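I have placed the structure first, in the form of structure tokens, so that the comments after it can refer back to it.
All values derive from a computational prediction rather than experimental measurement. Letters go in sequence order (proteins before strands), and every chain restarts at 1.
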There are 2 protein chains.
Amino acid sequence: MTLHRVTTTGRVVDLLREQILSGALPEATLLRQEKLAAEFGVSRVPIREALHQLEAEGLVTMQSHKGAVVSSLSIDDLEEVYEIRARLETWLLEQSMPLLSEPHFQKAEALFAQMVEDRRDENWSNLNWDFHATLYEPANRPQTLALVRKLYLNAYRHFPLPIRLTGSREKMNREHQVLLDLCRQGDVARASAHLEQHILMGARHLISRLKALRRQEADTGRA
Amino acid sequence: MTLHRVTTTGRVVDLLREQILSGALPEATLLRQEKLAAEFGVSRVPIREALHQLEAEGLVTMQSHKGAVVSSLSIDDLEEVYEIRARLETWLLEQSMPLLSEPHFQKAEALFAQMVEDRRDENWSNLNWDFHATLYEPANRPQTLALVRKLYLNAYRHFPLPIRLTGSREKMNREHQVLLDLCRQGDVARASAHLEQHILMGARHLISRLKALRRQEADTGRA
DNA sequence: TACAGAAAAATTGGATTCAATATTCAATTC
DNA sequence: GAATTGAATATTGAATCCAATTTTTCTGTA
């Protein structure tokens, strides 16, 4: 177990990524190197290296001599990412279900209970991911899991947390409960279909909330 | 139409990526900043920024104060990447097939003819990708297409070109021909199944060649 | 000879400095 | 008065310089 590199660049990358994925730095935010350098108390060099790295991850876009901005996903892109997730996650579930055993169910149920109980929005994303990942874990597909996780985080960002949860929490809980039941019953076909619906409905909800938000912004802008 | 940024870092990224994906820089190659800087006639700063970017793309791995190496895919990882491709590309094909029209067929046939004719190995990868992409294009899934392309290139590298083509060219051509025919006939189910086999067989071939190569290297190393 | 430890060299990471490009804003022209 | 040019300012891109870390080499000892 190697205790990873602790370079300034690495820390800046982690910090910025966290702030972008959490929504603290919303899309289209201009990232000034000097400002970030002052904020973190370092020179501009590690800032720029971090920005290049985040650009490769798709989280920011850089234009030479102009600056870096937090990149945004169009609604179409967002929908497509969810569809990719649906395609890959159902596949993971189909592979893992025959291998799911009691410890997995118990872990998933514990995470589910936490999600129902913990009302703090900021914990929801991680719990939700851990819940899903637990069900996929026996498939033993590390590359796929890592890829899906990246898509998950990338799609979930940009939205102030309360917004993306409003009015969907109870629904999500019910769907997770059904998914768990179907997994326990070993009904692969229905579990997979349910998961697909779960993901695509999530996308629909998010997109409708996003559109409402944009309409609202346009209205206040006009007023 | 913006004439893109021409920064030193950007050019270095493109050059290194090209060399890695083409196999000119094989896996596990140590990338010395000073050496690369001298080679490209620039300072170490843009080299380092480029390495960070390529690390985020997964093409190199960096260890602090030790150096950067061209990252390698294990055989298991390689196989998994091919399976992801199979899962996503069949999906793309299923969506695009109902929308395929004559211009697409003609473009695909032209690319196919070029692949049959052009014996130069170094053109094969790009032609092959263009052929596949042509069939997926009507699906209008830019994110998925970009993702699959990345997986395609990433998996195909590391192998000296002649090695990965030896003994598979004729087979590939036959399979492409069948795929084209099935697409023209509009038989979605069979085309999709054939494409899946095509991709998975490609993986099997590549892996067996790779294992043979490693055995051979071990033998000569022992001798 | 084999090994441990310290000095030296090599290499990377980060700060500072300089150069190139973009933006801002005032002066000028129509 | 509006548009345009150009100087001043701000910001990024890259080179050089210094610090921190790792690797190698050398030396002394068992």
Side chain of [X] - closest among [options]:
X	options	value
R32(B)	dT21(D), dT11(C), dG13(D)	dT11(C)
S64(B)	dG13(C), dA15(D), dT12(D)	dG13(C)
M62(A)	dG13(C), dG13(D), dG14(C)	dG13(D)
R48(B)	dG13(C), dT11(D), dG13(D)	dG13(C)
S43(B)	dT21(D), dT16(D), dG13(D)	dT16(D)

Using a cut-off of strictly less than 4.0 Å, decide whether [X] has a side-chain nitrogen or oxygen near OP1 or OP2 of [N].
X	N	result
T8(A)	dG14(C)	yes
Q33(A)	dG13(D)	yes
T9(B)	dA14(D)	yes
K66(B)	dT23(D)	yes

To the nearest Å, give me how far apart [atom1] ([X]) and [atom2] ([N]) are.
X	N	atom1	atom2	answer
K35(B)	dA10(C)	NZ	P	16 Å
R11(A)	dG14(C)	CZ	C1'	12 Å
L36(A)	dA15(C)	CG	P	14 Å
H65(B)	dG13(C)	NE2	P	6 Å
I47(B)	dG13(C)	CD1	C1'	15 Å
L51(A)	dT11(D)	CG	P	15 Å

Original post:
For residues E27(A) and S71(A), is any side-chain donor paired with an opposing acceptor at under 3.5 Å?
Top reply: no
Subject >> Pair S74(B), D77(B): side-chain N/O donor-acceptor within cut-off below 3.5 Å >> reply: yes
Original post:
Base, sugar-phosphate, or nothing: which does L30(B) touch, judged by heavy atoms less than 4.0 Å apart?
Top reply: nothing
Original post:
Any Lys/Arg nitrogen of E196(A) or R87(A) sitting under 4.0 Å from an Asp/Glu carboxylate oxygen of the other?
Top reply: no
**OP:** Decide, yes or no, whether a salt bridge links D14(A) with R17(A) under the criterion of side-chain N to carboxylate O below 4.0 Å.
**Re:** yes
Subject >> Comparing R44(A) and E49(A) on DNA chain C - which has the more 5′ nearest nucleotide >> reply: E49(A)
Original post:
Which residue lies toward the 5' end of DNA chain D, V45(B) or L31(A), if each is placed at its nearest nucleotide?
Top reply: L31(A)
Subject >> Within-4.5 Å side-chain heavy-atom neighbours: E83(B) and W91(A) >> reply: yes
